[in-house]
Amino acid sequence: MKRWQTAALAMLALPALAEPVQIKVWRHDTGDTEMSAGAASVERFNRSQKQWKVVVEALPQGSYTEAITAASLVGQLPCVIAIDQPTVPNFAWAGHVRALDDLLPHAAVERLLPGARGTYKDKLYSVGQFDVVLALFSRRSQLNRLGVRVASMEQPYTAQEFRAILDKVKRQGGYRFPVDLNGRAKGEWLSYAYSPWLQSAGVDLIDRIGYTRVDGILNSPQAVEVGRYYGDLFKDRLAERNPADEHAFEQGRSLFHYTGSWKAREYAARFGDDLVVMPPPDFGRGPKIGAGSWQWAITRNCPTPAGAAAYLAHLVSPREMAELSRETGLVPASQEAAALTRHFRPGGDWRVYFEFAERYAVPRPATPAYPAISAAFEKAMADLRGGKDAAEALDEAVEAIDHNVRRNNGYGFTVKATGAPQ
Amino acid sequence: MKLKPGQDSLLAVASFATPALLLFAAFVLLPLLLAAGATLTNHRLVSPEPTRFIGLENYQRLLSVKIATVHGVQDADGLHFPTWRQARRQQPALEGYRPAFSVTVGDTRVVLAATDPLFYRSLINTFVFALLVLPLQCGVALGLAILVNQKVRGRLFFRTVYFAPVVTSMVVASIVWAFMLNTDRGLINELLRGLLGDPNAGPDWLGDSHYALPAIAAMSAWQGAGFQMLVFLAGLQSISPEQYEAATLMGANAWQRFVHVTLPGLRNTIIFVLVSTTLLAFGLFTQVDVMTSGGPLDSTTTVVYHAVSAGFKQQDIGYGSTVTLVFFMIVLAVSSVQRVLVAKGGKP
């Protein structure tokens with residue numbers, strides 16, 4: 001009798017013990033290679049332990065940020081979400097994601113490059129497995145033909161030098177538009193690609209101390225100088241305003257392409273040793289590039305934060321980051337992970353991208369105002385391309401950002417009463 | 001019922017008119033009244049907050065203008081004007097106003113500042129577009145109509161070819177033209193380079209604020225001219241051949257026949273074509289939306305485009321309705337003036 005009872009109890013209890021707790025994850029659909037790499041990683045996590053089971057749902061990429069915003073408003077977010085790093089402070093401010101400082105092992109986070117961390121007010125809210133970097137691509141044979149030196153990390157092009165090179169290439173090289181500035185890319189690209197030019201000139205989108213002051217930063221003389229430089233590239237027809245396609249560089253219609261490391265694989269395959277990967281131009285304080293790509297965060301309503309944290313810790317382990325990089329070609333986000341890959345290890349053929357990420361990367365301002373800042377900066381860049389006066393265009397961006405920050409009471413930062421009349 | 005000739009049965013009039021009147025009421029009158037009501041509220045497209053009555057605030061925001069003067073500063077590099085933000089610091093009354101249009105005379109700049117400068121830019125652009133497109137489209141249409149009215153072989157083929165753009169979707173035509181107008185690889189610039197023998201020739205059609213609106217006007221005239229051509233063709237064929245014969249007998253040459261026989265014979269057709277083309281020109285939206293999104297530097301934004309972006313992109317239905325209602329009044333005034341002028345001209 002007793003034995004029979006024990007057996008019955010055991011049978012009742014067994015499913016509860018054997019059935020791991022589900023952790024729901026949302027991510028954006030980024031195409032076959034990355035999706036299958038992600039699925040393999042989930043599979044390894046689920047097999048590695050019995051307590052948790054990760055279930056991934058992929059949402060269309062185009063409307064992903066809108067989708068998670070809408071879901072957060074109605075409290076329908078899953079446990080873990082993929083999130084674009086610049087929007088993390090906004091989500092943290094709105095209280096949709098939770099701080100990770102006490103959830104993740106300190107050692108795991110310590111190793112990550114700054115571009116793989118999403119912070120707001122000195123707290124960590126998201127972690128990433130990879131980063132992408134900006135670079136200036138060109139072709140050695142053509143540069144040699146025109147007598148133009150190849151820039152290096154030790155000696156990058158200065159902004160003036162780059163401008164002179166473009167003029168020369170246009171005059172002598174038979175290139176109608178010597179540089180492709182990725183004119184077809186819209187939205188976040190503009191802030192990602194050109195706010196580093198400001199940082200290289202010693203200014204920024206917003207004062208990073210206090211995160212409320214824009215006036216005198218984004219419209220400072222140095223920033224206006226960068227704005228004018230950018231506008232002149234289009235006015236003097238060194239870059240095309242509305243390119244018909246994205247193939248100007250590989251079809252030999254432009255000599256330089258300023259774009260991201262996502263082009264590395266394609267260009268390396270096409271040009272082989274002829275391809276040179278150079279740092280972006282230096283506006284005075286050394287080249288700078290954007291940092292921070294898609295990352296992972298745990299939502300406020302997640303019922304199993306411990307399980308979610310275990311999954312995140314799995315994702316940012318060097319082995320997993322190296323595995324992802326191997327399959328997708330993305331830049332791994334720590335020294336240890338890079339050392340495990342063929343391309344990015346010291347001496348590897350793509351090591352230069354990792355070094356860019358390490359040396360030049362500046363994360364975008366960690367403030368909930370970032371979406372508004374980015375939108376205003378994007379509008380200013382569009383106006384500069386159209387030929388607007390740089391001081392006027394950046395002044396307008398300052399007003400738009402100021403207005404937005406004040407309407408949101410500083411987004412959790414204290415707005416100092418400066419007393420400056422409008 | 002006994003009817004005298006020339007008198008219509010009331011019942012017949014009512015039954016013929018009712019369907020059209022019902023449709024007119026449901027799809028024109030009712031939306032117009034709803035929009036008129038919305039202009040007095042802060043109606044949002046999507047908002048958890050209830051709609052409030054706000055009086056004439058929308059009209060005030062749309063129409064407020066001030067004229068301001070800004071003085072330039074002479075320094076070593078030449079004449080510099082302060083930015084609008086700097087200029088406004090000295091003139092606190094301009095708070096909330098932004099420049100819509102400016103004229104520089106010497107070291108003084110006269111600025112038309114408005115609370116919604118984009119509306120005034122749009123209004124100016126819309127009228128400039130109408131002025132560009134009206135002579136172009138009607139002239140081309142008349143020329144084509146005269147061409148395809150000649151007794152030549154295959155004129156049916158030419159009529160079809162010239163009419164084809166009209167039945168092509170405007171979105172498709174806009175996309176194709178955006179490629180043709182591309183700076184680096186566009187067909188038009190390639191042709192220009194071939195003709196001029198200069199590999200760097202060719203303006204930045206859609207990227208330069210001076211060329212974008214004329215380029216859109218040319219494209220719109222190409223797309224629309226076929227329809228006016230058909231109307232002109234019908235008009236041409238209603239002129240009796242005897243008049244031409246008589247004119248020829250009296251020794252008139254081709255140009256004199258055109259001026260003294262064709263144009264007077266087409267008088268009513270021309271009036272119809274001018275009025276309808278003007279109204280169509282005021283509705284410019286699709287080409288702008290597809291080809292330039294209002295840019296560069298707001299040089300191609302139109303009133304309808306402004307209304308749509310206020311109503312749907314910024315989700316401010318109340319304000320979008322105000323834009324459309326004010327524009328409706330302006331268009332009504334313009335076409336009334338046009339009618340009066342035409343009626344006067346008709347009675348010698």
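Worth knowing before you read on, the calculation uses all heavy atoms, side chains too, and leaves out hydrogens, waters and symmetry mates. Sequence lines set the chain letters: A, B, ... in the order given, protein chains first and strands last, and positions in each chain run from 1. Not measured: the values here are computed from a predicted model.
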- Item | Check: B:R85 side chain, A:D395 main-chain N or O, donor-acceptor pair, under 3.5 Å | no

- Query: Heavy-atom distance under 4.5 Å between the side chains of B:L206 and A:R241, does that happen here?
  - Reply: no

- How far does CZ of A:F177 sit from CG of B:D204, to the nearest 0.5 angstrom? 6.5 Å

Determine all donor-acceptor pairs shorter than 3.5 Å in which one atom belongs to a side chain in residues 110-118 of chain B; sequence neighbours excluded.
residue	atom	partner	partner atom	Å
B:T115	OG1	B:R61	O	2.5
B:D116	OD1	B:L118	N	3.4
B:D116	OD2	B:H306	NE2	2.9
B:D116	OD2	B:Y319	OH	2.5

- Item | Other residues, nucleotides, ligands: >12 heavy atoms within 6.0 Å of A:R145 CZ | yes

- Measure the CG-CZ distance between B:L297 and A:R385 for me, rounded to the nearest 0.5 Å. 10.5 Å

- Check against salt bridge (charged side-chain N to carboxylate O under 4.0 Å, His left out), A:D215 and B:R89: CA-CA 13 Å; A:D215 194 13; B:R89 283 218 178 108; 3.2 Å; yes

- Verify the neighbour count for atom CZ of A:F271: are there more than 12 heavy atoms of other residues, nucleotides or ligands below 6.0 Å? yes

- Message: Looking at every non-hydrogen atom in both residues, tell me the closest pair between A:G386 and B:S209 and how far apart they are.
- Response: O-OG, 4.5 Å

- Note on the structure: d(A:E399 CD, B:T83 OG1) to nearest 0.5 Å is 8.0 Å

- Report the distance from atom CD of B:Q86 to atom CD of A:E392, rounding to the nearest 0.5 Å. 8.5 Å

- Could you tell me whether A:R139 atom CZ has more than 12 heavy atoms of other residues or ligands within 6.0 Å of it? yes

- Message: Below 4.5 Å, heavy-atom pairs only: which of A:D389, A:N219, A:N242 has the largest tally toward chain B?
- Response: A:N242

- Item | NE2/B:H210: more than 12 non-hydrogen atoms of other groups inside 6.0 Å | no

- Measuring heavy-atom distances to chain B, does A:A382 have an atom under 4.5 Å in its side chain, in its backbone, in both, or in neither? neither

- Would you give the length of the straight line joining atom CZ of B:F179 to atom CG of A:D245, rounded to the nearest 0.5 angstrom? 8.5 Å

- Could you go through the side chain to side chain contact (heavy atoms under 4.5 Å, CB included) check for A:R253 and B:R185 one step at a time? CA-CA 10 Å; A:R253 285 181 283 121; B:R185 319 198 73 195; 3.2 Å; yes

- Is a donor on one side and an acceptor on the other found under 3.5 Å between the side chain of B:D184 and the backbone of A:R176? no

